[in-house]
Chemist: 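One structure is given below, represented as structure tokens, and several questions about it will come after.
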Amino acid sequence: MANAASGMAVHDDCKLKFLELKAKRTYRFIVYKIEEEQKQVIVEKLGEPAQSYEDFTASLPADECRYAVYDFDFVTEENVQKSRIFFIAWCPDTSRVRSKMIYASSKDRFKRELDGIQVELQATDPTEMGLDVIRSRAN
């Protein structure tokens, strides 16, 4: 089903892989890409459970927009193991204006397809989604 605002469809795989991350913890992260030719959001990369946050950030292109989901594990001050699912809209300043517009206009609809997102972040450069930012937003 296409989004009226941007005309973007969401490939079924996007939702299926997200459910696997959420329910079975099959993946540490998922990077999504908008295929402008097909006008749909697709899965670009899956991160194995053992991969780190640095592996995740390294998988985001420096000059292209992406959506991503990251399953962040942490320990609270009460020493309780917890996890938060982050949705990250990655739109670096160096990406094309058209690309930024497409990602911005499609974001809310795409995010609604992924039921279970707990924290949303928007980042235009790596410092806006550093591990310190993730930790502070997780609590």
Side-chain angles (χ1 to χ4, degrees):
M1 193 163 86
N3 177 359
S6 66
M8 284 302 148
V10 177
H11 194 281
D12 288 341
D13 215 27
C14 294
K15 291 180 270 191
L16 294 172
K17 298 297 184 205
F18 176 75
L19 289 172
E20 288 177 27
L21 176 142
K22 185 174 88 168
K24 300 182 195 147
R25 312 208 60 195
T26 313
Y27 310 107
R28 173 64 56 199
F29 62 85
I30 305 170
V31 178
Y32 299 99
K33 174 184 183 179
I34 291 179
E35 276 292 344
E36 289 183 35
E37 302 287 307
Q38 285 95 28
K39 291 190 169 21
Q40 70 173 347
V41 183
I42 59 162
V43 172
E44 182 181 51
K45 183 169 175 46
L46 298 167
E48 297 301 314
Q51 287 189 284
S52 69
Y53 189 72
E54 289 71 28
D55 295 326
F56 163 64
T57 56
S59 69
L60 295 172
D63 57 355
E64 289 180 39
C65 300
R66 292 291 186 272
Y67 300 129
V69 172
Y70 186 82
D71 186 7
F72 179 65
D73 291 326
F74 64 103
V75 178
T76 65
E77 288 178 13
E78 298 81 34
N79 209 25
V80 178
Q81 183 74 35
K82 283 197 168 182
S83 145
R84 288 271 183 274
I85 297 176
F86 278 77
F87 177 86
I88 299 168
W90 170 246
C91 274
D93 290 330
T94 53
S95 56
R96 296 185 351 261
V97 173
R98 175 174 163 69
S99 179
K100 287 185 213 179
M101 288 171 55
I102 292 171
Y103 275 81
S105 64
S106 305
K107 181 184 65 138
D108 288 338
R109 160 114 188 343
F110 178 61
K111 205 176 82 184
R112 279 197 301 273
E113 297 283 334
L114 308 178
D115 185 38
I117 299 288
Q118 294 161 309
V119 185
E120 180 184 341
L121 268 184
Q122 293 190 30
T124 57
D125 75 68
T127 61
E128 295 176 347
M129 52 178 268
L131 199 48
D132 54 332
V133 175
I134 297 288
R135 279 196 188 101
S136 70
R137 295 287 304 274
N139 292 319

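These values consider heavy atoms only, across backbone and side chains, with no hydrogens, waters or symmetry-generated copies. Computed from a predicted model, the values in this text were never measured in an experiment.
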Chemist: Do any pairs count as a salt bridge (charged side-chain N to carboxylate O under 4.0 Å, His left out) and have a residue in residues 40-51, sequence neighbours left out, and if so which ones?
Modeler: Glu44-Arg66
Chemist: Ignoring hydrogens and angles, write down the donor-acceptor pairs under 3.5 Å from the side chains of residues 81-88, residues two or more places apart or on other chains.
Modeler:
{"residue": "Ser83", "atom": "OG", "partner": "Asp71", "partner atom": "OD1", "Å": "2.7"}
{"residue": "Arg84", "atom": "NE", "partner": "Ala138", "partner atom": "O", "Å": "3.0"}

Chemist: Going hydrophobic residue to hydrophobic residue with side-chain gaps under 4.5 angstrom, can you get from Ile34 over to Trp90?
Modeler: no
Chemist: With sequence neighbours left out, write down each residue that passes side chain to side chain contact (heavy atoms under 4.5 Å, CB included) with Glu37, or none if nothing qualifies.
Modeler: none
Chemist: Using the test side chain to side chain contact (heavy atoms under 4.5 Å, CB included), find all partners of Ser99 that sit at least two apart in sequence or belong to another chain.
Modeler: Glu36, Cys65, Arg96, Tyr103
Chemist: Suppose the criterion is ring pair (Phe, Tyr, Trp, His ring centres under 6.0 Å): which pairs have a residue in residues 118-139, not counting sequence neighbours?
Modeler: none
Chemist: Are the side chains of Phe110 and Met8 in contact, using a 4.5 Å heavy-atom criterion?
Modeler: no
Chemist: List in chain and number order the residues that pass side-chain hydrogen bond (donor to acceptor under 3.5 Å, both in side chains) with Glu77, two or more places apart in sequence or in another chain; answer none if no residue qualifies.
Modeler: none
Chemist: Show, in sequence, the C-alpha distance, side-chain angles and deciding distance for Thr26 and Leu46, and conclude whether the side chain to side chain contact (heavy atoms under 4.5 Å, CB included) test is met.
Modeler: CA-CA 9 Å; Thr26 313; Leu46 298 167; over 6 Å; no
Chemist: Given side chains that start at C-beta, do those of Ile42 and Asp13 come closer than 4.5 Å, heavy atoms only?
Modeler: no
Chemist: Keeping Ser105 on the side-chain end and Met101 on the backbone end, is there a donor-acceptor pair under 3.5 Å?
Modeler: yes
Chemist: With Asp108, which residues qualify under salt bridge (charged side-chain N to carboxylate O under 4.0 Å, His left out), at least two apart?
Modeler: none
Chemist: Take Tyr70 and Leu121, measure what side chain to side chain contact (heavy atoms under 4.5 Å, CB included) needs, and give me the verdict at the end.
Modeler: CA-CA 11 Å; Tyr70 186 82; Leu121 268 184; over 6 Å; no
Chemist: Decide yes or no for Val41 and Ser106: does some side-chain heavy atom of the first lie under 4.5 Å from some side-chain heavy atom of the second?
Modeler: no
Chemist: Linking I/L/V/M/F/W/Y whenever their side-chain heavy atoms sit closer than 4.5 Å, directly or via other members, would Leu114 and Phe29 fall into one cluster?
Modeler: no
Chemist: Would you give me the side-chain donor-acceptor pairs under 3.5 Å for residues 15-22, sequence neighbours excluded?
Modeler:
{"residue": "Lys15", "atom": "NZ", "partner": "Glu113", "partner atom": "OE1", "Å": "3.0"}
{"residue": "Glu20", "atom": "OE1", "partner": "Tyr27", "partner atom": "OH", "Å": "3.1"}
{"residue": "Lys22", "atom": "NZ", "partner": "Asp115", "partner atom": "O", "Å": "2.7"}

Chemist: In terms of ring plane angle, is the pair Phe74 and Phe72 parallel, tilted or perpendicular, where the classes change at 30° and 60°?
Modeler: parallel
Chemist: Pairs under 3.5 angstrom only: tabulate donor-acceptor contacts from the side chains of residues 55-63 to other protein residues two or more places apart or in another chain.
Modeler:
{"residue": "Asp55", "atom": "OD2", "partner": "Ser52", "partner atom": "N", "Å": "2.8"}
{"residue": "Asp55", "atom": "OD2", "partner": "Ser52", "partner atom": "OG", "Å": "3.2"}
{"residue": "Thr57", "atom": "OG1", "partner": "Tyr53", "partner atom": "O", "Å": "3.4"}
{"residue": "Thr57", "atom": "OG1", "partner": "Glu54", "partner atom": "O", "Å": "3.1"}
{"residue": "Ser59", "atom": "OG", "partner": "Phe56", "partner atom": "O", "Å": "2.6"}

Chemist: Output every pair passing side-chain hydrogen bond (donor to acceptor under 3.5 Å, both in side chains) with a member in residues 129-139, not counting sequence neighbours, ordered by first then second residue.
Modeler: none
Chemist: So which pairs with a foot in residues 116-127 pass salt bridge (charged side-chain N to carboxylate O under 4.0 Å, His left out), sequence neighbours left out?
Modeler: Lys107-Glu120, Lys111-Glu120
